[in-house]
Amino acid sequence: MADTTVTKVGDYEVLVSGSAVAFWPLDPWSSLSGAVSPIVVAPSSGTSVGTVVTSVVGVFDIAIGVAEGVAESEVAPVTLPPSPGGKATTKKAALFGKVGQTMHLRFAVDHGKLKKTDTWSGTLRLSSKNSAGSIVQTNVTLAVAYSATVSNLFVFFAPNTKLKKNAWVTLEAQQKGGGTVANASVDIKVLRDNLGSGYAGVNRRVQLKTDGGGQVVSGTARPILAVPVEWPVIFTFTSGAHVTGAHMIRLDKDAADEDNLNATEIGPAVLVPRAAASLKGKTFILDAGHGVVYGYTKARRCQEWYVAHRVADRIRAILMSEHKVEDGDIYFSRSAGFGLIEPSQVHANNAPEAGEAKYKVDLPQKKIAAKTAAVGLHDLAKLLLTTHSGDHDTADALSASAYQGFLGRNTATVNAIVARVNGQLAATHARVKPGSVTWDDGTHRYVYVKEKQTAAGGWEAAGTTNLPITTSDWFALDSQAMTVLADRSARWSLAAEVGGGPPLGGKSFASAARAALKAAGALDYFRQKILYYVNVTAPHAYLDSGTKGWGPSERAKFFNDYQTMLSAAGTPLSMVLTLHENAGKGKGGMVLVSHKAGPDEPPDDQVRIAKTMVKYLDPFDHGTRSGGISKDLPANPAGMLYHGNHVRDIYAYFESEFMDATDPKDSTRFSYEAMAEPAFIDALARQIVCGVVEWLLEPQADLEDVKYMGGSIKGLW
């Protein structure tokens, strides 16, 4: 049964010198060879000879890929002839097809007045409406030789009121080291910028492939491609034998004047074979923004750190497993720390700072002491012994044996205290009874038995006394103590260090983020990473700046001096990657550079690295923000983008997505809830690694020519 309706996505016209001319719409599914037969009409009288209206036409057979954003409608089907007949009278014809699919368009133009040596020139205008009802048009310059057929064309119709012209290009995929890349999948998309100055709302993309010779084609034999001008367009190549590669162009508006017989070669796009994608000998610092028990107190957002550090872990794993980077050549800034949080303060916002006022730590020597005379040994023991359990982080009761065991773990210190007390008691002929230091469950204190010397020279008990300590008495931060502090710090972080945000559907961002963290196993991950950064052999940079996760100044110092700080002389850095997740309910990722001038102006290579990353960065597949490269805001400066960071020419600072926005696939969830899941983490990590591979092994040769909004960042973007 024949279809009663077909899908229409717009109309098309043929223009010459700016004015619409008549043409013949043809059936695109009939034999192409039949489309150029002479045009004959039946006789108008009783004569038996027909009249040839014109015997000369030029035929265009064009494939058109329609991106998202076009309104569809259902209309009655139209029967088109396989070849021209009669006089051309049509000046506008329908575009039939579906959004996201490749349409097939065929029409003939009149060559009756052309000389055999002439070429017909004109314009194909595609018109449609977007979902808001606005008219969108794309103009494509066309040419066909006298009485010829053109059947090697593909048009990327990327509907937007700003994208008004396309230009003809060709592109070949080659591989680093020689040869072409056949049978690769090719995704072509307009760089999506989710701001009013960009192209927000939908992706505008089509899918093509490379042929056996590496040429980007539609179908089997359409290598002449019409793509939008005056805006960045990205070709992404996926091939099993090669690292995913992206090639970005931006055609000047003058390129739209060139017809399909004069297509611009915009390549080659060079892909790195996986077998040759070794980064062995390259060195990296991965810097996960924010932290656990973050030292920069006004920016405490452990939920952001969790995603960033998970991404960093995944980047490390991919670099090692797929690109031969050695374990010892990947370093992390110390972003997970611990606090001296008392058991009763596990949910108090200022607990780490309150603890710092009472206790002090020598991290290289793994020891802890009281900071004030008001702190007793029982306070230290409770700090280092108390465990917690349950969803409410309930402090577990300590047994007398646990307190007593603490003395055994600090025998040398206890002996030194006893020796000091004995020295103080000697003038009164008293001493600490040997072996009498113990835990007294009744007074909840550590005590000793005081003995006085008798006239006969013996000793007799003279009462029980609290064992005093001073700020010079250091106790062990052994593995048991560190495990306790790490667990309590992780629990505190989840309770007090989750950042806020606007609500969504009645639920708060903090509660949703906390639930997502717990569901993802973040508590255990926090513990692991706290201990990871502490369990290193001194001397080590991780042990030199207190117990908390490093703030921006400590991180920048590590970038600048890591060779000295880690005794890694002879291994200069190849790249430093700082990973953040944005906030503010926006949409899309970006790579940040400094907004300042003078010594704080971003180096050229930092902008070039950012441009390279923009080609890949899109973990939610819904575009970037601010063109993908953005200057930090004066009201919210990012200190590591300034001249205090000496490695900015090998540096990328990511704000990869907006965590408090709505999940693009589920309007009941925050984006963060999806960002904490493995799919997002792996996607983002792989995109960043692709950018790293390109930058270090085969940077796009002509990327310098690609500008966004007139080159507003140093004339480079």
Side-chain angles (χ1 to χ4, degrees), residues 1-16 18-32 34-35 39 57-110 122-140 142 149-151 153-166 190 199 201-208 218-219 222 226 228:
M1 179 176 161
D3 292 336
T4 57
T5 62
V6 292
T7 303
K8 177 184 174 183
V9 297
D11 302 287
Y12 70 97
E13 301 171 270
V14 177
L15 288 71
V16 173
S19 298
V21 297
F23 61 94
W24 293 271
L26 303 177
D27 176 15
W29 307 114
S30 60
S31 171
L32 184 58
I39 303 170
V57 297
V59 174
F60 289 97
D61 186 273
I62 303 174
I64 300 176
V66 183
E68 294 179 61
V70 167
E72 298 177 335
S73 61
E74 296 299 313
V75 299
V78 175
T79 301
L80 298 174
S83 60
K87 184 178 181 180
T89 58
T90 299
K91 288 192 175 181
K92 181 181 286 187
L95 283 171
F96 298 109
K98 290 184 179 294
V99 172
Q101 297 182 1
T102 299
M103 301 186 304
H104 196 174
L105 182 68
R106 187 181 296 170
F107 61 91
V109 296
D110 190 351
T123 299
L124 171 65
R125 173 173 290 170
L126 306 176
S127 301
S128 188
K129 289 184 178 181
N130 61 22
S131 55
S134 300
I135 298 295
V136 289
Q137 291 183 335
T138 290
N139 294 326
V140 188
L142 291 177
T149 296
V150 173
S151 60
L153 307 182
F154 172 82
V155 177
F156 175 20
F157 185 20
N160 188 278
T161 55
K162 300 175 185 178
L163 298 173
K164 297 181 178 179
K165 292 183 178 181
N166 275 26
V190 174
Y199 300 105
V202 295
N203 282 313
R204 293 168 177 87
R205 57 150 41 106
V206 291
Q207 282 74 43
L208 302 182
S218 170
R222 295 182 183 273

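Because only heavy atoms are used, hydrogens play no part in the values below, and waters and symmetry mates are left out as well, while side chains stay in.
- Remark: K162 NZ is packed, more than 12 non-hydrogen atoms of other residues, nucleotides or ligands lying under 6.0 Å away.
- To the nearest 0.5 angstrom, Q137 atom CD is 4.5 Å from R125 atom CZ.
- Annotation: cation-pi pair K91/F23 absent, no NZ/CZ under 6.0 Å from the ring centroid and within 45° of its normal.
- In this structure, F154 and G65 approach most closely via the heavy-atom pair CE1-N, 3.4 Å.
- Atom CG of D27 sits about 8.5 Å away from atom OG1 of T79, to the nearest 0.5 Å.
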>> Using the rule given for side chain to side chain contact (heavy atoms under 4.5 Å, CB included), can you reason through V136 versus K129, listing the C-alpha separation, both sets of side-chain angles and the distance that settles it, and then say yes or no?
In response: CA-CA 6 Å; V136 289; K129 289 184 178 181; 5.9 Å; no
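- Within the 4.5 Å cutoff, side-chain heavy atoms of V155 are placed close to those of I62.
- A 4.5 Å side-chain heavy-atom check between L142 and T123 finds every atom pair outside the cut-off.
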> Passes side chain to side chain donor-acceptor pair (under 3.5 Å), T7 versus K98? Steps please.
Replying inline: CA-CA 6 Å; T7 303; K98 290 184 179 294; 3.1 Å; yes
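- No side-chain heavy atom of P159 sits less than 4.5 Å from a side-chain heavy atom of N130.
- Between R205 and A67, the shortest heavy-atom distance links the atoms N-CB, 3.4 Å.
- Across F107 and P25, no two heavy atoms sit closer than the pair CB-CA, 4.2 Å.
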>> Between V75 and V6, is the side chain to side chain contact (heavy atoms under 4.5 Å, CB included) condition met? List the steps.
In response: CA-CA 5 Å; V75 299; V6 292; 3.8 Å; yes
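- Pairs passing the salt bridge (Lys or Arg N to Asp or Glu O under 4.0 Å) check and including a residue from residues 61-73, sequence neighbours excluded, read D61-R106, D61-R222.
- At a threshold of 4.5 Å between non-hydrogen side-chain atoms, the residues K8 and L95 do not count as touching.
- Of all heavy-atom pairs spanning V59 and A35, the tightest one is CG2-O, 3.8 Å.
- N139 places no side-chain N or O within donor-acceptor distance of the main-chain N or O of N166, the cut-off being under 3.5 Å.
- Interatomic distance, W24 CH2 to T89 OG1, rounded to the nearest 0.5 Å: 9.5 Å.
- To the nearest 0.5 angstrom, R204 atom CZ is 4.5 Å from N160 atom CG.
- From I64, atom CD1 reaches atom CE of M103 across 4.5 Å, with rounding to the nearest 0.5 Å.
- Taking 4.5 Å as the limit, every side-chain heavy atom of F60 sits out of range of all side-chain heavy atoms of V14.
- S128 is listed as a side-chain neighbour of F157, based on a closest heavy-atom distance under 4.5 Å.
- Put simply, the side chain of V21 does not reach to within 4.5 Å of the side chain of L15, judged on heavy atoms.
- Distance check: S218 OG to Q207 CD gives 11.0 Å after rounding to the nearest 0.5 Å.
- Taking each heavy atom of V57 and A108 in turn, the nearest pair found is CB-CB, 4.2 Å.
- When every heavy atom of D11 is checked against every heavy atom of A94, the shortest pair comes out as OD1-CA, 3.7 Å.
- In this structure, the side chains of Y12 and S127 stay at 4.5 Å or more apart for every pair of heavy atoms.
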